[in-house]
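In what follows, a single structure is set out as structure tokens and then discussed.
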2 protein chains.
Amino acid sequence: MTTGDAPQGRDDGTSGGSGGRPGPPPDDARPATLRDVATLAGVSVPTASKALNGRPDVRESTRRRVEDAAARLDFTPNTLAQGLSARRSGTVGLLTSDLDGRFSIPVLMGAEDAFGFERTAVLLCDARGDAIREQHHLRALLARRVDGLIVVGERPDVRASLGRVPVPVVYAYAPSDDPADCSLVSDHEGAGRLAVEHLLATGRRCVGHISGDPGYGATRDRAEGARAALASAGLELAGGRPLLGAWSEEWGRGATRSLLRAEPGLDAVFAGSDQVARGVLDALREEGRRVPDDVAVVGVDNWEAVATGARPALSTVDLDLQHLGRVAAQRLQAAMGGSPSRGVERLPGRLVVRASSAPRG
Amino acid sequence: MTTGDAPQGRDDGTSGGSGGRPGPPPDDARPATLRDVATLAGVSVPTASKALNGRPDVRESTRRRVEDAAARLDFTPNTLAQGLSARRSGTVGLLTSDLDGRFSIPVLMGAEDAFGFERTAVLLCDARGDAIREQHHLRALLARRVDGLIVVGERPDVRASLGRVPVPVVYAYAPSDDPADCSLVSDHEGAGRLAVEHLLATGRRCVGHISGDPGYGATRDRAEGARAALASAGLELAGGRPLLGAWSEEWGRGATRSLLRAEPGLDAVFAGSDQVARGVLDALREEGRRVPDDVAVVGVDNWEAVATGARPALSTVDLDLQHLGRVAAQRLQAAMGGSPSRGVERLPGRLVVRASSAPRG
DNA sequence: TTGTACGCGTTATCAA
DNA sequence: TTGATAACGCGTACAA
């Protein structure tokens, strides 16, 4: 209702027969087409098209008439029809495996806003981690003639390539097993290094590592990063090796207690996730250690609710998955434009310092 | 030009000039069209169409030939073209306001799987809570000729209606302010009743309510449900009134301590969210109360990571937002089919009992 | 049973 | 500068 009377009255008067009174405007009217605009402006359809698309070979006065008519009819070009002749849908598919997971969402958000929605819309499908369903969705997306595809894995480990697909594909979060594909992942090893270097910088010397499921590649990578950072300072992990278990608070608590028994002088813990870190913090408090005065703690994920609700607030490595999603979208656009990338690209996280790793003092 | 030489080179041999050797198949070939299929099968395009669409008026042997040809060419009908003539895109828009929020995701998942993806795909857009951007996205969705629209609000409060839109709209999670629209929301009052009735059933008599932001309608509704349930049993809220503050653990801890001072006999707390409930649990433990032996606790949300990580595991009301999303999709499909609903429909949650509210014993 | 003709809404080409 | 014509890929009415 902004401008006034725009929409329906395309046919002023002509509609005659059906309704009778001019009262309730026939809003069942279908959206205005270019032909409606052309007719109203008194030009041919192609001319109307050129005028609205800002092509130079059209008289100014004509263009004005057409634009006017378009505005009056609230004309919006039918994207499907445009796509049909242009042979592109202006659409990309987002094939995810775990919408419920916390990880695919930021990636998805980043991707979604990297494409200006005007030009490229996002078709969402969640395969629920089922390969069959994924194939199903893939076919459906191709039937819709998506111009490209982003595949978001459910966990940060290598996954099966989609294989030959007639449109460009970018893998995000979980890399493809085919090195010819383009994949974007977080630098987990770098995350481990980042965390431990920070702990060392605050003067810690006895640094343990408690992390989650040893089956995850990210678990191993983060541990390796931690080990390397310590090695550069001539140190080793407290306890001699990382304590790997599950991505849960409970594991964090239990592992912390064993580690304290083995290394009473412990003055820092790098936890493999914020959830694990929560467990670490709780166990430390209950064992009478003060954080950060006695022991500093750093997690991974920067899961807001968890990190800021912790006591004290948790320092953590933010993997910046939203940025990862944005970059994925950029790579995909480049590929759609004819400049594909290939191989695995690792994106760095960034440290978010809160109270749990403040320097002693 | 009608039948003779289809597009280019997909047909064996003729491509000649460019490549040279017949080695690598020209996979840059555009997807097969119905015309390609018809040509290969030696029939006309409409016949091929009928054959593939299972229409009866086609000889069996012909149908076989066509299906065969389609399979050989890996033919997939172009949904855009189908939609163009059918005047429907087979697409619905999902207009959300806070992808990062935990609440819109389940709704979105439910909606996504209620539409069989084959027939209806979901176009995702996140307005980031910005009304301008929402208008933008709305226009873009309409340009893509979505057949319907689901609007997922960012918090469980009344939001502005989109107003007149040429396709059916369903509001989920946050209801529209226009009673003529169709809205689906959680029954927050019912959730409060559910929680308190459960606490009473386990023998509790001194029940407090600690909840979040008093500006939320859901906060008031849950409190009212709690009050009503107590009243039915001839009781009042411990402390005389609900303690409202913020959706944080910290608030949960602080409020719990005040409540214990005011009501030393407290034997149950209904927390307005799982996060608040976590704070309640921690404070109770630190004040020396055992859960559930001394005090039982029930939350709202069934936020897995939070509820199962709690000590003890947290009983909670699951609002079943995924189901809400499914129902929203069903209502939308009905509306698209010509049978619109209107008004606000409230969907019940369900109680998930864990250790924190086990009967004393 | 099969094919011809046409429409869906838009853009590109080329002649006027 | 403008418009007739064709094409994009498919479905449907109707004639053969």
Side-chain angles (χ1 to χ4, degrees), chain A residues 10 29-66 69-70 73-91 142-145 147 166, chain B residues 1-8 10 29-66 69-70 73-91 142-145 147 166:
Chain A
R10 169 155 51 275
R30 301 200 241 67
T33 74
L34 191 53
R35 183 159 57 174
D36 299 326
V37 174
T39 304
L40 180 56
V43 299
S44 74
V45 170
T47 299
S49 173
K50 293 171 201 163
L52 293 179
N53 290 331
R55 300 261 298 266
D57 52 350
V58 72
R59 193 191 302 160
E60 250 334 285
S61 65
T62 306
R63 186 190 310 281
R64 295 270 269 279
R65 283 215 319 285
V66 173
L73 298 179
D74 194 27
F75 169 71
T76 310
N78 184 328
T79 309
L80 277 63
Q82 290 179 318
L84 187 54
S85 56
R87 280 212 189 74
R88 34 176 304 287
S89 60
T91 285
L142 292 177
R144 292 200 144 72
R145 298 299 189 265
D147 302 324
Chain B
M1 177 68 88
T2 39
T3 42
D5 45 9
Q8 70 290 33
R10 174 161 35 272
R30 303 201 239 65
T33 73
L34 190 54
R35 183 159 61 175
D36 300 327
V37 175
T39 304
L40 180 57
V43 299
S44 72
V45 171
T47 298
S49 172
K50 294 169 199 163
L52 293 179
N53 290 332
R55 298 265 295 267
D57 52 349
V58 72
R59 193 191 301 160
E60 252 332 286
S61 66
T62 307
R63 185 191 309 281
R64 296 271 268 279
R65 285 216 317 286
V66 173
L73 296 178
D74 193 28
F75 169 72
T76 311
N78 183 329
T79 309
L80 278 64
Q82 290 179 317
L84 187 55
S85 51
R87 280 211 188 76
R88 35 177 304 287
S89 60
T91 285
L142 293 177
R144 294 200 141 75
R145 298 299 187 266
D147 302 325

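Chain letters run A, B, ... following the sequence lines, proteins first, then strands; residues in each count from 1.
Each of B:R87 and B:S44 was assigned the nucleotide of DNA chain C with the nearest heavy atom; the assignment lying further toward the 5' end belongs to B:S44. For the pair A:T76 and B:R63, nearest-nucleotide mapping onto DNA chain C gives the more 5' position to B:R63.
A close approach under 4.0 Å does not occur between any side-chain nitrogen or oxygen of A:T47 and OP1 or OP2 of D:dT1. At the phosphate of D:dT1, neither OP1 nor OP2 sits under 4.0 Å from any side-chain N or O atom of A:R55. OP1 or OP2 of C:dC8 has not a single side-chain nitrogen or oxygen of B:R88 nearer than 4.0 Å. One finds no side-chain N or O of B:T33 lying less than 4.0 angstrom from the OP1 or OP2 phosphate oxygen of D:dG9. At the phosphate of D:dC10, neither OP1 nor OP2 sits under 4.0 Å from any side-chain N or O atom of B:S49. Applying the 4.0 Å criterion to OP1 and OP2 of C:dT11, one finds that A:N53 has a side-chain N or O inside that range. OP1 or OP2 of C:dC8 has not a single side-chain nitrogen or oxygen of A:R30 nearer than 4.0 Å.
Among the nucleotides C:dC14, C:dT10, D:dC10, the one closest to the side chain of A:K50 is C:dC14. Each of C:dT11, D:dT1, C:dG9 was ranked by its minimum atom distance to the side chain of A:D57; first place goes to D:dT1. Of the candidates D:dC8, C:dC8, C:dT4, D:dC8 carries the atom nearest the A:L84 side chain, counting heavy atoms from C-beta on. Which of C:dT10, C:dG3, D:dG9 sits closest to the side chain of B:S85 comes down to D:dG9. Comparing D:dG9, D:dT1, C:dT10 against the side chain of A:R59 picks out D:dT1 as the nearest. In the set C:dT1, D:dG11, C:dA12, C:dA12 carries the atom at the smallest distance from any side-chain atom of A:P46.
As a whole-Å value, the separation of A:N78 CG from C:dT11 C1' is 13 Å. Across the protein-nucleic acid pair, B:L34 atom CG and C:dG3 atom P stand 12 Å apart, rounded to whole Å. In this structure, B:R65 atom CZ and C:dT2 atom C1' are separated by 11 Å, rounded to whole Å. The distance between atom CZ of B:F75 and atom C1' of D:dG11, rounded to the nearest whole Å, is 11 Å. The interatomic distance linking A:R35 (CZ) with D:dT5 (P) rounds to 15 Å, in whole Å. Rounded to whole Å, the distance from CZ on A:R144 to C1' on D:dG9 is 15 Å. As a whole-Å value, the separation of B:L52 CG from D:dT12 P is 13 Å. The distance between atom CG of A:D36 and atom P of C:dG9, rounded to the nearest whole Å, is 8 Å.
Taking CD of B:Q82 as the reference point, atom CZ of A:R144 lies at 9.0 Å (rounded to 0.5 Å). From B:T62, atom OG1 reaches atom CG of B:D57 across 11.0 Å, with rounding to the nearest 0.5 Å.
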query: side chain to side chain contact (heavy atoms under 4.5 Å, CB included) between B:T33 and B:V45: does it pass, once the steps are laid out?
result: CA-CA 10 Å; B:T33 73; B:V45 171; over 6 Å; no
message: As a quick check of understanding, evaluate side chain to side chain contact (heavy atoms under 4.5 Å, CB included) for A:L34 and A:L52, giving each step before the final call.
response: CA-CA 10 Å; A:L34 191 53; A:L52 293 179; 3.9 Å; yes
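B:R55 places no side-chain N or O within 3.5 Å of a backbone atom of B:S49 that could act as its donor or acceptor partner. Distance alone, capped at 3.5 Å, is enough to place a donor-acceptor pair between the A:N78 side chain and the A:L80 backbone. Under the 3.5 Å distance criterion, the side-chain polar atoms of B:R65 are matched with a main-chain donor or acceptor of B:A41. Under a 3.5 Å cut-off, the side chain of A:S89 and the backbone N or O of A:G83 do not form any donor-acceptor pair. Formation of a donor-acceptor pair under 3.5 Å by the A:R145 side chain with backbone atoms of A:L142 is found in this model.
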- request: Convert the base pairs of DNA chain C into dot-bracket notation, remembering that pairs crossing earlier ones are written with [ ] and that bases paired across to another strand are shown as |; include only Watson-Crick or G-U pairs under 3.5 Å.
  value: ||||||||||||||||
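A:V45 comes within contact range of at least one nucleobase, with a heavy-atom separation under 4.0 Å.
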